[in-house]
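Contents: one structure, followed by commentary.
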Protein chains: 2
Amino acid sequence: MAPQLEPFFKQVDTSSEHFIDRLRKAVAIPSISAQDENRKDVFRMAQFLADELTALGAEVEQRPLGKQPGKEHLDLPPVVVARYGNDKNKKTILVYGHYDVQPAQKEDGWATEPFELTIDDKGRMYGRGSTDDKGPVLGWINVIEAHRKAGVDLPVNLLCCFEGMEEYGSEGLDDFINAEAKKYFKDTDAVCISDNYWLGTEKPCLTYGLRGCNYYSISVSGPAQDLHSGVFGGSAHEPMTDLVTVMSKLVDPQGNILIPGLMDLVAPVTEEEKALYPNISYTMDDLHESLGSETGIHPNKERTLMARWRFPSLSLHGIEGAYSAPGAKTVIPAKVIGKFSIRTVPNMESEDVNKLVFDYVKAEFAKLNSKNKLDVSLQHDGKWWVASPKHWNFSAASKAVEQVFGVEPDMTREGGSIPVTLTFEQATGKNVLLLPMGSSTDAAHSANEKLDRRNYIEGTKLLGAYLHYVAEEPMTE
Amino acid sequence: MAPQLEPFFKQVDTSSEHFIDRLRKAVAIPSISAQDENRKDVFRMAQFLADELTALGAEVEQRPLGKQPGKEHLDLPPVVVARYGNDKNKKTILVYGHYDVQPAQKEDGWATEPFELTIDDKGRMYGRGSTDDKGPVLGWINVIEAHRKAGVDLPVNLLCCFEGMEEYGSEGLDDFINAEAKKYFKDTDAVCISDNYWLGTEKPCLTYGLRGCNYYSISVSGPAQDLHSGVFGGSAHEPMTDLVTVMSKLVDPQGNILIPGLMDLVAPVTEEEKALYPNISYTMDDLHESLGSETGIHPNKERTLMARWRFPSLSLHGIEGAYSAPGAKTVIPAKVIGKFSIRTVPNMESEDVNKLVFDYVKAEFAKLNSKNKLDVSLQHDGKWWVASPKHWNFSAASKAVEQVFGVEPDMTREGGSIPVTLTFEQATGKNVLLLPMGSSTDAAHSANEKLDRRNYIEGTKLLGAYLHYVAEEPMTE
């Protein structure tokens with residue numbers, strides 16, 4: 001039986017200007033976690049959320065995370081946790097978001113003041129943090145408020161976990177989640193994260209998979225100090241030559257990874273999986289628009305999306321220690337460190353990938369007969385994540401999308417990683433759903449970040465509807 | 001007939017402490033041409049030289065060069081020109097040096113204050129500019145003074161040309177030399193430049209050749225902005241992959257240039273030339289000491305020195321636009337610019353080299369089937385220079401070395417370039433000799449730059465003796 005959502009929806013429409021005003025207040029707080037001088041603003045933003053939630057009757061705590069590692073003069077911003085409802089007969093849904101933002105300055109190319117929410121005549125609401133991730137976080141608060149104002153009971157117990165360091169590596173969060181999994185979060189039946197984006201601009205999606213990432217360094221060193229290329233060019237082995245030669249053996253210009261055995265680790269694509277791709281609302285024009293160029297590798301959307309979600313990729317990021325400034329300098333760098341990463345997918349285990357990478361890089365270097373020294377190491381890794389899109393958590397979200405937007409959502413993966421997803425899954429043992437609010441054109445992390453009014457208001461309805469459908473789903477794990 | 005040099009030599013020994021004091025005063029003036037705030041010190045240093053020369057009876061002028069291009073708030077330091085002697089019956093020798101220095105800060109690894117001349121118990125005189133190039137410049141002034149004090153006539157007319165922008169690209173100097181070639185410098189019979197170094201630490205050398213340098217950029221661009229490797233890795237052509245692949249095709253780890261046809265431009269090595277190398281005072285240990293490692297490519301000194309002086313080399317300097325900081329960033333750079341240079345030798349003409357480079361780079365890129373865009377361009381070039389070591393200018397210098405040091409000098413080339421050498425040769429049409437004062441361990445441009453007391457005092461004798469021998473040589477061009 002479809003839940004009766006009309007009173008809630010109506011209230012969201014009625015309160016929409018108030019909700020936008022709430023976003024305006026939030027955007028005005030420059031809660032930039034990467035800049036020391038804004039740390040006080042990150043704390044102000046935590047207080048803002050705590051006040052809003054408290055005013056709506058939630059039990060709120062600001063949990064301290066101690067000093068910031070490596071920057072001991074700074075306190076980490078608190079995790080704002082909140083409980084709304086404590087009814088044993090209801091499911092408990094844990095929602096996650098973050099209240100810190102990326103840096104932004106007018107000079108970076110913003111058409112408007114980044115910390116003043118500015119709405120144009122197409123309903124595009126510009127402002128740092130509008131889509132990433134203040135809009136979605138406020139969406140949950142709006143849901144509570146609209147239920148209260150409409151006199152509708154929230155059909156689940158809601159647990160909130162809002163952090164303030166997401167844009168700076170989520171310092172301290174993993175430990176907190178692991179510590180609270182059997183305490184504050186112990187009643188959790190399912191997790192919902194709203195911190196990613198639709199694949200396009202029209203059709204909502206539910207995200208059930210993320211690629212992992214193994215990040216490597218190759219360092220090559222020789223002389224004791226940088227050399228003058230006039231004096232030493234031709235008479236000494238040059239670390240840059242060796243490094244560039246080795247890096248050129250990792251991936252070809254068509255994106256094929258050249259490390260033997262690596263592709264054997266990838267789970268075969270099933271027919272069932274293949275069948276998912278043709279229906280996904282995505283075109284090659286979408287790719288070209290997001291690239292700003294027509295430099296895609298693959299001829300069609302199916303192969304493009306599979307390359308992004310379903311297969312590993314290897315990117316060369318840069319070289320540390322070489323000459324990187326504009327202009328001309330005739331240096332032979334003494335030590336250079338090449339950086340590259342591999343996006344991983346099921347069933348690539350990190351240790352297996354590392355072994356293949358290390359063995360291959362060393363073997364390719366040995367072929368060079370260079371007297372320089374090479375080291376290859378893993379800088380960090382993060383595992384891929386794939387959930388079951390047939391879980392009741394996803395079915396509920398899918399029904400909510402149909403109710404609010406009148407379409408079946410695309411079932412998508414993401415090429416990038418959202419590490420907290422895997423942390424929640426492992427710590428709680430429950431299904432995690434990624435339920436995005438913003439669209440692909442929102443420019444998170446860039447200048448002119450925005451959230452469309454439609455995505456915010458209909459997105460608030462979606463989050464609320466999801467709670468109603470999730471309350472009704474039979475719990476068959 | 002060997003000239004009578006005893007009174008001059010004796011006076012140099014007698015005045016040695018005074019000459020060292022002169023160097024102390026010069027080192028104390030931080031005439032750093034690259035730093036705006038030191039421009040006044042560069043001018044002070046010009047005045048110091050002018051005062052010293054004037055006091056010794058030279059006719060001195062400080063010639064202005066106008067505003068500094070690109071930094072119009074700064075006046076270029078003057079060229080200090082001086083004439084000592086105007087006797088039509090004497091040869092006229094034009095000597096060049098520079099009075100500006102590289103930056104230096106104690107924190108860069110200096111054991112002593114960089115602008116206080118500090119002499120240790122082995123006679124090593126530490127201080128910025130001691131060897132590069134204040135010691136040699138003062139050497140000429142010492143020569144004049146010692147002759148006057150000893151009552152010995154200077155056997156030639158001396159023309160001095162001391163510039164103050166050498167460490168910042170010799171801004172304005174070429175135009176000045178070309179303009180004055182038939183005016184202030186018109187009587188010049190030969191040119192002597194003391195601004196390089198012995199090959200080792202014991203045996204002086206005369207330098208008759210320099211490699212040229214063609215500096216190139218390869219830019220590869222694709223997407224309109226930097227991309228997230230999670231989102232786009234595998235689905236778009238990456239400029240870094242293309243660039244690294246192309247750069248890996250330029251030179252191999254054994255230093256072999258892979259550009260077809262390039263080595264055909266190199267003049268064949270003659271038997272006569274080969275015969276010069278075995279006698280040169282240089283060992284593989286010298287190479288290893290200067291590298292600070294045993295990463296030389298070649299098995300013996302002959303091949304090592306030929307690789308440095310006689311053959312072209314290609315060095316990869318770095319990549320602009322890629323991620324070059326420490327740490328890990330998962331960026332796909334939108335546009336990357338690879339920098340490399342080729343050291344050129346006779347008979348490589350710049351245009352021929354450029355054509356081979358451009359054609360090859362474009363052909364290699366075409367093989368990649370990438371949709372990205374590649375451009376390759378020349379950033380700057382400087383021609384190689386080779387003088388005849390049999391010219392009377394060199395014979396005179398060789399005899400002077402034998403007189404002062406009791407050994408025949410090594411006839412050397414340099415792998416790097418000293419562009420003013422070619423400018424003087426072309427502008428005056430006269431033979432140019434490079435007659436170094438310092439040794440290979442002097443650490444010019446580095447921390448703890450020094451000039452050995454022996455090199456300074458015996459070097460002053462050498463410069464003076466050279467003027468006597470050059471006066472006696474028959475002028476057979």
Side-chain angles (χ1 to χ4, degrees), chain A residues 211 213 215 222-225 228-231 233-238 240-242 244-245 247-248 251 253 255 287 291-298 304 307-308 311 313 315-320 322-326 328-333 339 341 343 368 370-372 379-380 415-417, chain B residues 211 213 215 222-225 228-231 233-238 240-242 244-245 247-248 251 253 255 287 291-298 304 307-308 311 313 315-320 322-326 328-332 339 341 343 368-372 379-380 415-417:
Chain A
R211 292 197 290 189
C213 183
Y215 201 106
Q225 67 289 320
H228 187 290
S229 68
V231 179
S235 60
H237 291 287
E238 301 189 12
M240 262 298 274
T241 305
D242 296 353
V244 165
T245 306
M247 286 176 87
S248 76
V251 61
L287 175 69
L291 289 175
S293 66
E294 303 203 353
T295 55
I297 292 176
H298 307 288
T304 297
R308 174 169 164 179
F311 288 112
S313 63
S315 295
L316 308 177
H317 304 299
I319 298 175
E320 178 185 343
Y323 178 59
S324 60
K329 187 177 172 186
T330 55
V331 68
I332 298 175
K339 316 278 178 82
S341 66
R343 296 285 163 173
L368 307 185
S370 168
K371 291 176 188 155
N372 291 324
Q379 263 188 268
H380 63 68
S417 55
Chain B
R211 292 198 288 189
C213 183
Y215 201 107
Q225 67 288 319
H228 188 289
S229 68
V231 179
S235 60
H237 291 287
E238 301 190 11
M240 261 299 273
T241 304
D242 296 352
V244 165
T245 305
M247 287 178 87
S248 77
V251 60
L287 175 69
L291 288 175
S293 65
E294 303 204 353
T295 55
I297 292 176
H298 307 288
T304 297
R308 174 169 163 178
F311 288 112
S313 62
S315 295
L316 308 176
H317 304 300
I319 297 174
E320 179 186 341
Y323 178 58
S324 61
K329 187 177 171 186
T330 54
V331 67
I332 298 175
K339 315 279 179 84
S341 66
R343 296 285 164 174
L368 307 186
N369 280 318
S370 169
K371 292 176 189 157
N372 291 323
Q379 263 188 269
H380 63 68
S417 55

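Please read all numbers here as calculations on a predicted model, not as lab measurements. What you see below is based on every heavy atom in this structure, not just the backbone, and it leaves out hydrogens, waters and symmetry mates. Naming: A, B, ... by sequence-line order, numbering from 1 per chain.
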Minimum heavy-atom distance A/Val244-B/Ser248, with the two atoms named: CG1-N, 3.6 Å

Best-contacting candidate, A/Leu287, A/Ile297, A/Leu368, against chain B by heavy atom pairs under 4.5 angstrom: A/Ile297

Which portion of A/Phe311 sits near chain B, non-hydrogen atoms under 4.5 angstrom: neither

Under 3.5 Å: donor-acceptor pair, side chain of B/His317, backbone of A/Thr330: no

CD1 on A/Ile319 to OG on B/Ser324, rounded to 0.5 Å: 10.0 Å

A/Ser229-B/Ser315 side chain donor-acceptor pair, cut-off 3.5 Å: no

Options B/Gly292, B/Pro326, B/Gly415, B/Ser341, ranked by heavy-atom pairs under 4.5 Å with chain A, top entry: B/Pro326

Among the listed options A/Ala224, A/Pro333, A/Ala322, the residue most often paired with chain B at heavy-atom distances under 4.5 Å: A/Ala224

Option in B/Lys371, B/Lys339, B/Glu320, B/Glu294 with maximal non-hydrogen atom pairs under 4.5 Å from chain A: B/Glu320

From OG1 (B/Thr241) to CG (A/Leu316), nearest 0.5 Å: 4.5 Å

Options B/Gln225, B/Met247, B/His380, ranked by heavy-atom pairs under 4.5 Å with chain A, top entry: B/Gln225

Chain B contacts, top residue of A/Asn372, A/Thr245, A/Val331 (heavy-atom pairs, under 4.5 Å): A/Val331

Residue, of B/Gly233, B/Ser417, B/Cys213, B/Gly222, that accumulates the most heavy atom pairs under 4.5 Å with chain A: B/Gly233

Chain A interface, residue from B/Ser370, B/Gly255, B/Pro223 that has the most non-hydrogen pairs under 4.5 Å: B/Pro223

Exercise: identify the closest heavy-atom pair between B/Ser313 and A/Gly234: CB-N, 3.5 Å

Short side-chain to backbone donor-acceptor contact, B/His237 and A/Pro253, under 3.5 Å: yes

Residue A/Arg343 versus chain B: region with a heavy atom under 4.5 Å: side chain

Side chain / backbone / both / neither for A/Ala328 at chain B, heavy atoms under 4.5 Å: both

Closest contact, heavy atoms only, B/Ala236 versus A/Leu291: CB-CD2, 3.7 Å

